[in-house]
Amino acid sequence: MLRSDYCGTLTEGDEGRLVSVCGWVASRREHGQHLAFVDLRDHTGIIQCVVDGAQDLRPEYVLRITGPVRRRKAGTANSALATGDVELGDCEVEVLSVAEPPPFPIGDRVEADETVRLRHRYLDLRRDRMQRNLRLRARVNSALRRSMEAQGFVEIETPMLIASTPEGARDFVVPSRLHPGSFYALPQSPQLFKQLCMVGGFDRYYQVARCLRDEDLRADRQFEFLQLDVEASFVDQEDVLGFITVAVAAATEEATGTAPAPFGRMTWAEASERYGTDKPDVRFGMELVDLTPVFSETGFNAFKAPAVKGIRVPGGGDTTRNRLDALTDKAKQFGAKGLVWMRVGPDRVLDSPVARFVSADEQASLAATLAADPGDLLLIVADERPKVNHVLGLLRLELGRPPVNDGGFNFLWVTEFPLFEGLGDDGRPIPAHHPFTMPHPDDVHLLESDPLAVRSQAYDLVLNGWELGSGSVRIHRRDVQERVLGLLGIGPEEAQARFGFLLDAFRYGAPPHAGFAFGIDRLVALLAGEENIREVIAFPKTQSGADPLTRAPQPLDPLQLAELGIRVLPPKA
RNA sequence: GGUCCUGUGGUGCAGUUUGGAGUGCACGCCGGCCUGUCAAGCCGGAGGUCGCGGGUUCAAAUCCCGUCAGGACCGCCA
């Protein structure tokens, strides 16, 4: 062992000890040939070392420094440093590695361009922010595992090279050398395998599972991500919510030092009506208010719609015309036909380009329903109800969303998702979760008569407006499964071809089971107070799915292609 | 597939609105001085394809078009 102590741990209690520390030169301060100070950094912090001024010691050199811990001379202590009362004196310095000047400063003082950070990620990782985040991630992972183990769950690994199933996201595919022309898919999740584990008698399964989806990247989405994947047999929805709540609360307490507030509960229908989304950020108000009754007999054509709803932006009355135009453009991009804005003036007089189309009674009722105060801004959208909710939900976030590290950790269970999210082009319902989701027991009779009204036993966990994960009670009864598949237009033959192995397995005694999976990257990002998950991933990809460090993806050598029986089409002209 | 923002010595920025010599700030880098600093200080110096291409103009970092890269978002993500 080259070191006896970590840099950041030395205190007055160590006075007199001869110690060896190892690390990188954070800064040097030279005072001629006879005196120089080197701040040596490791992941625990920084210690000042008094060294011979003649030595050429530059930033990021890797050193082993041996010297006695001594109290600093009176008046030279540095209260900004945890080790600021002591220093290593009369140091012997071993240069373990020299270093070129880094392309960006390693200190956290200056933010560096993200492309440069990713291209030299190994240097970025040296910085305090990434050290903190990745070490936090490790502790959260560990806490999750401990919690699942303590609850009697068994970790089982599932394969990475699997058969492609056409549902859901786009698969990453891997060509097979032994079966030219055939391909594996990388798992979008271990969904089907964990259900097979249930049939296999592992009644409490979990896995810290890597999942891959070939969809466009976002601040909260990478191609590859980590899920805590859970499934249990002989349990109901409440049991699953309990397991996950215990684990997530344990992880949160590990990260923050305090247990989170009790997790909230809300149905999907309530979330949609009040917040216009299935992942409401409940840290702030500005809830959607139904104005349909106000305009039930309106003469204003724009408000002759199945639903009219609005949000009140407190104090938003000074919003500039430019900004309002930009908001209108946003609303249109979100799918609205338009956006009606009204500034609330003194005595609740409404100032709006369309005010003259809205009767005095309607204006008064509108202001009262929205509880408008002078100085507020009102935003109103009229359209089909789901569209209105969607658009206003996004505008609400645009105008009111607090920074990610504001307002604590507001976990929220959203339950009773619809079984189907709408009708496809073929007129058949589209599963909101996946085709193995159990319908709500009270709604099973509606499956054929009114499928879109059928609630499911599916549920999401939401944290401050981020969807952490989702799960459901699965169908384990053959008759119900056949009815649902039939509704989806998947006949017995097609079902057999697509996931026959699961249906076959269910013929041999399938226990009732339910499960959940949530994104660990997202949880860690929020616990770390980061706006994007790249900050909690050691080697992430850019928004275009590239890695500036390794320059992936790359064209493949023609010989490799030939071995796989693959010919690449020329790029589109 | 789409909307928006960004791109200026190694790094972080200003300059772009209203075209006029690569004009400025801070850090870093190189050399010198310096025995108690701590983002050390002082003196001197080097370092530029203003992302790239085209256009407009007497003249483009600045205006226009295209393109590349990065970011935020819509679509997409059972």
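Just so you know, these numbers use all the heavy atoms, side chains as well, and skip hydrogens, waters and symmetry mates. All chains are named by letter (A, B, ...) in the order of the sequence lines, taking the proteins before the strands, and each is independently numbered beginning at 1. Just so we're clear, the structure is a prediction, and the values are computed from it rather than from any experiment.
Within the structure, every side-chain polar atom (N or O) of A:His434 is placed at least 4.0 Å from both OP1 and OP2 of B:rC77. For A:Arg522, no side-chain nitrogen or oxygen approaches OP1 or OP2 of B:rC77 to under 4.0 Å. An OP1 or OP2 oxygen of B:rC73 is reached within less than 4.0 angstrom by no side-chain nitrogen or oxygen of A:Gln333. Contact annotation: A:Arg29 does not reach the phosphate of B:rC34 (side-chain N/O to OP1 or OP2, under 4.0 Å). Of the side-chain N and O atoms in A:Thr76, none sit less than 4.0 angstrom from OP1 or OP2 of B:rU37. An OP1 or OP2 oxygen of B:rG70 is reached within less than 4.0 angstrom by a side-chain nitrogen or oxygen of A:Ser544.
Under the stacking criterion of a centre-to-centre distance below 5.5 angstrom and an interplanar angle below 30°, A:Phe104 is not stacked against the six-membered ring of B:rU11.
Checking B:rG36, B:rC76, B:rG10 against the side-chain heavy atoms of A:Pro103 singles out B:rG10 as nearest. Comparing B:rU35, B:rC38, B:rA72 against the side chain of A:Asn532 picks out B:rA72 as the nearest. The side chain of A:Ala546 sits closest to B:rG70 out of B:rG70, B:rC74, B:rC77.
With C1' as the reference atom, B:rU62 and B:rU6 are 16 Å apart, rounded to whole Å. Atom name C1', nucleotides B:rG41 and B:rG36: the rounded distance is 13 Å, in whole Å.
Across all strands shown, B:rG20 forms a Watson-Crick or G-U wobble pair, both distances under 3.5 Å, with B:rC58. Taking a pair to require two hydrogen-bonding distances under 3.5 Å in either a Watson-Crick or a G-U wobble arrangement, B:rU67 pairs with B:rG51.
Judged by the 6.0 Å and 45° rule, A:Arg396 forms a cation-pi pair with A:Phe284.
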Run the side-chain donor-acceptor check on residues 483-494 of chain A: report pairs under 3.5 Å with partners two or more places apart or on a different chain.
| from | atom 1 | to | atom 2 | distance (Å) |
| --- | --- | --- | --- | --- |
| A:Arg483 | NE | A:Glu448 | OE2 | 3.1 |
| A:Arg483 | NH2 | A:Val444 | O | 3.2 |
| A:Arg483 | NH2 | A:Glu448 | OE1 | 2.9 |
| A:Glu494 | OE2 | A:Arg498 | NH1 | 2.4 |

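Donor-acceptor pairing under 3.5 Å, judged by distance alone, is present between the side chain of A:Arg72 and the base of B:rU37. Below the 3.5 angstrom threshold, one finds a donor paired with an acceptor across the side chain of A:Glu87 and the base of B:rG36. You'll find a donor-acceptor pair under 3.5 Å spanning the side chain of A:Arg70 and the base of B:rG36, going by distance alone.
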Next item on the list: For A:Asp229 and A:Gln191, run side-chain hydrogen bond (donor to acceptor under 3.5 Å, both in side chains): C-alpha distance rounded to whole Å, both residues' side-chain angles, the deciding distance at 0.1 Å, then the answer.
Entry: CA-CA 8 Å; A:Asp229 193 48; A:Gln191 179 61 37; over 6 Å; no

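For A:Gly32 and A:Ala219, each mapped to the nucleotide of RNA chain B holding its nearest heavy atom, the one lying further toward the 5' end belongs to A:Gly32.
The pair A:Asp547-A:Arg551 does not count as a salt bridge, with every side-chain nitrogen at least 4.0 angstrom from each carboxylate oxygen.
Among residues two or more places apart in sequence or in another chain, the ring pair (Phe, Tyr, Trp, His ring centres under 6.0 Å) test is passed with A:His434 by A:Phe436.
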